[in-house]
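Taking it in order: structure first as structure tokens, then the write-up.
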2 protein chains.
Amino acid sequence: MSKYKNDYSKQFSEMFKALSNEHRLEIFLYLAKNCFPGELSTDKEMRASVGKLGEGLGIAPSTISHHLKELRQSGLIRMERKGKTIECWIEPDTLEDLIQFFQQAKGGK
Amino acid sequence: MSKYKNDYSKQFSEMFKALSNEHRLEIFLYLAKNCFPGELSTDKEMRASVGKLGEGLGIAPSTISHHLKELRQSGLIRMERKGKTIECWIEPDTLEDLIQFFQQAKGGK
DNA sequence: TTTATATTTCGACATATATCGAATTATAAA
DNA sequence: TTTATAATTCGATATATGTCGAAATATAAA
């Protein structure tokens with residue numbers, strides 16, 4: 001088997017690691033559904049606070065914070081302080097990159 | 001944040017875990033490129049042995065074996081003994097599932 | 001300025017993961 | 001049947017991960 005790593009393998013494997021935890025995947029899916037920016041990226045409704053994201057997951061705030069850090073560091077989400085809370089939303093380019101990653105793998109190109 | 005897990009979250013998080021390791025991702029990409037079944041699924045060239053997949057990765061055969069088991073258990077690849085060797089190939093449906101997973105996430109549906 | 005709220009950082013700990021080499025199993029070849 | 005090849009399983013070990021609670025930090029409210 002010849003080397004089949006490209007320059008992005010490391011980056012993609014880090015995104016997959018971020019999504020390999022069920023709590024992080026759930027957060028990611030929630031953000032993808034509710035907080036995908038675009039036409040209304042400045043609208044408060046398009047973003048979710050750390051506290052909001054923690055609701056219903058049954059884990060400590062410090063753990064949520066840890067998970068969000070992982071999602072951010074892998075390039076899947078963005079975070080920005082807004083007053084007392086910190087707002088989170090999906091990094092839109094990365095979602096498209098992931099689709100292309102698997103389409104290319106499927107195409108065998 | 002409301003629960004956003006669906007019935008498949010667990011299964012997807014396991015695939016992402018399998019792809020979170022650089023060695024496994026490399027194996028997966030190699031198989032996707034070279035061993036995607038279809039019109040020639042019985043052709044020897046469409047499959048790769050465990051030994052072949054280990055070449056050039058610089059890790060022990062037992063470790064390759066471990067990684068392939070993870071890829072198989074997560075549903076990303078298939079394996080079948082053929083004489084002395086064990087042949088590996090991509091599970092084609094799963095690749096399409098992954099594309100749809102991210103397309104759906106992007107669509108916000 | 002003091003207090004309350006939201007979040008992060010730190011230190012600890014239990015569990016999971018990646019890896020190896022040795023031993024084992026399965027098959028084919030001599 | 002004995003030997004060689006391919007791959008897996010096992011046991012060990014070092015490192016990484018998920019989690020918590022306590023303490024620290026940032027901001028807003030009183």
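We name chains A, B, ... by the order of the sequence lines, and we start the count at 1 in each one.
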Practice problem: For the residue pair B:Phe16 and A:Phe16, categorise the inter-ring angle as parallel (less than 30°), tilted (30 to 60°) or perpendicular (more than 60°). | Solution: parallel

Quiz item: Which residues satisfy the side-chain contact (heavy atoms from CB on, under 4.5 Å) test with B:Thr94, sequence neighbours excluded?
Solution: B:Met15, B:Leu76, B:Glu91, B:Leu98

Quiz prompt | For atom CD of A:Glu22 and atom C1' of D:dT19, their distance in whole Å | solution = 15 Å

Practice problem: Please identify each residue that fulfils ring pair (Phe, Tyr, Trp, His ring centres under 6.0 Å) with B:Phe12, with sequence neighbours left out. | Solution: B:Phe101

Quiz prompt | Rounded interatomic separation in angstrom, taking CG from A:Leu25 and P from D:dT17 | solution = 17 Å

Quiz item: Quick one: how far along DNA chain C does chain B reach, first to last nucleotide 5' to 3', anything under 4.0 Å to a heavy atom?
Solution: C:dT17 to C:dA28

Exercise. Give the B/S/- string for nucleotides 21-27 of chain D, one per nucleotide from 5' to 3', where a protein heavy atom under 4.0 Å of the base yields B, of only the sugar-phosphate yields S, and otherwise -.
Key: BB---SB

Exercise. Evaluate the side-chain contact (heavy atoms from CB on, under 4.5 Å) criterion for residues B:Tyr8 and B:Asp97: first the C-alpha distance (whole Å), next the side-chain angles of each, then the deciding distance (0.1 Å), finally the verdict.
Key: CA-CA 10 Å; B:Tyr8 307 108; B:Asp97 290 346; over 6 Å; no

Quiz prompt | Cationic N near anionic O, under 4.0 Å, A:Glu87 to A:Arg81 | solution = no

Self-check item: Qualifying salt bridge (Lys or Arg N to Asp or Glu O under 4.0 Å) pairs, either residue in residues 63-74 of chain B, two or more places apart
Solution: B:Arg24-B:Glu70

Quiz item: So do B:His67 and B:Leu57 actually touch side chain to side chain, heavy atoms under 4.5 Å?
Solution: no

Quiz item: Minimum heavy-atom separation for A:Ala105 to B:Ala32, with atom names?
Solution: O-CB, 3.4 Å

Quiz item: Across the strands shown, which category fits B:Lys52 at heavy-atom distances under 4.0 angstrom: base, sugar-phosphate, nothing?
Solution: nothing

Quiz item: Could you state the interatomic distance from CG (B:Leu31) to CD1 (B:Ile77), rounded to the nearest 0.5 Å?
Solution: 6.0 Å

Quiz item: Between atom CZ of A:Arg47 and atom NZ of A:Lys82, what is the distance when rounded to the nearest 0.5 Å?
Solution: 6.0 Å

Quiz item: How long is the line joining CD of A:Glu26 and P of D:dG18, in whole Å?
Solution: 15 Å

Quiz item: Considering heavy-atom distances to DNA chain D, does B:Val50 or A:Arg24 have its closest nucleotide positioned more toward the 5' end?
Solution: B:Val50

Exercise. Rounded off to whole Å, could you give me the CD-to-C1' distance for the B:Glu87 and D:dA6 pair?
Key: 13 Å

Exercise. Grab the two heavy atoms, one from A:Leu25 and one from B:Ser9, that are nearest each other, plus how far apart they are.
Key: CD2-O, 3.4 Å

Quiz item: Between D:dT17 atom P and A:Ile59 atom CD1, what is the distance in whole Å?
Solution: 16 Å

Exercise. Return the residues of residues 64-78 of chain B meeting this criterion: a heavy atom under 4.0 Å from some atom of DNA chain C. Order them by number, or give none.
Key: B:His66, B:His67

Quiz prompt | Atom pair distance, as rounded to whole Å: CG in A:Asn21 and P in D:dT17 | solution = 11 Å

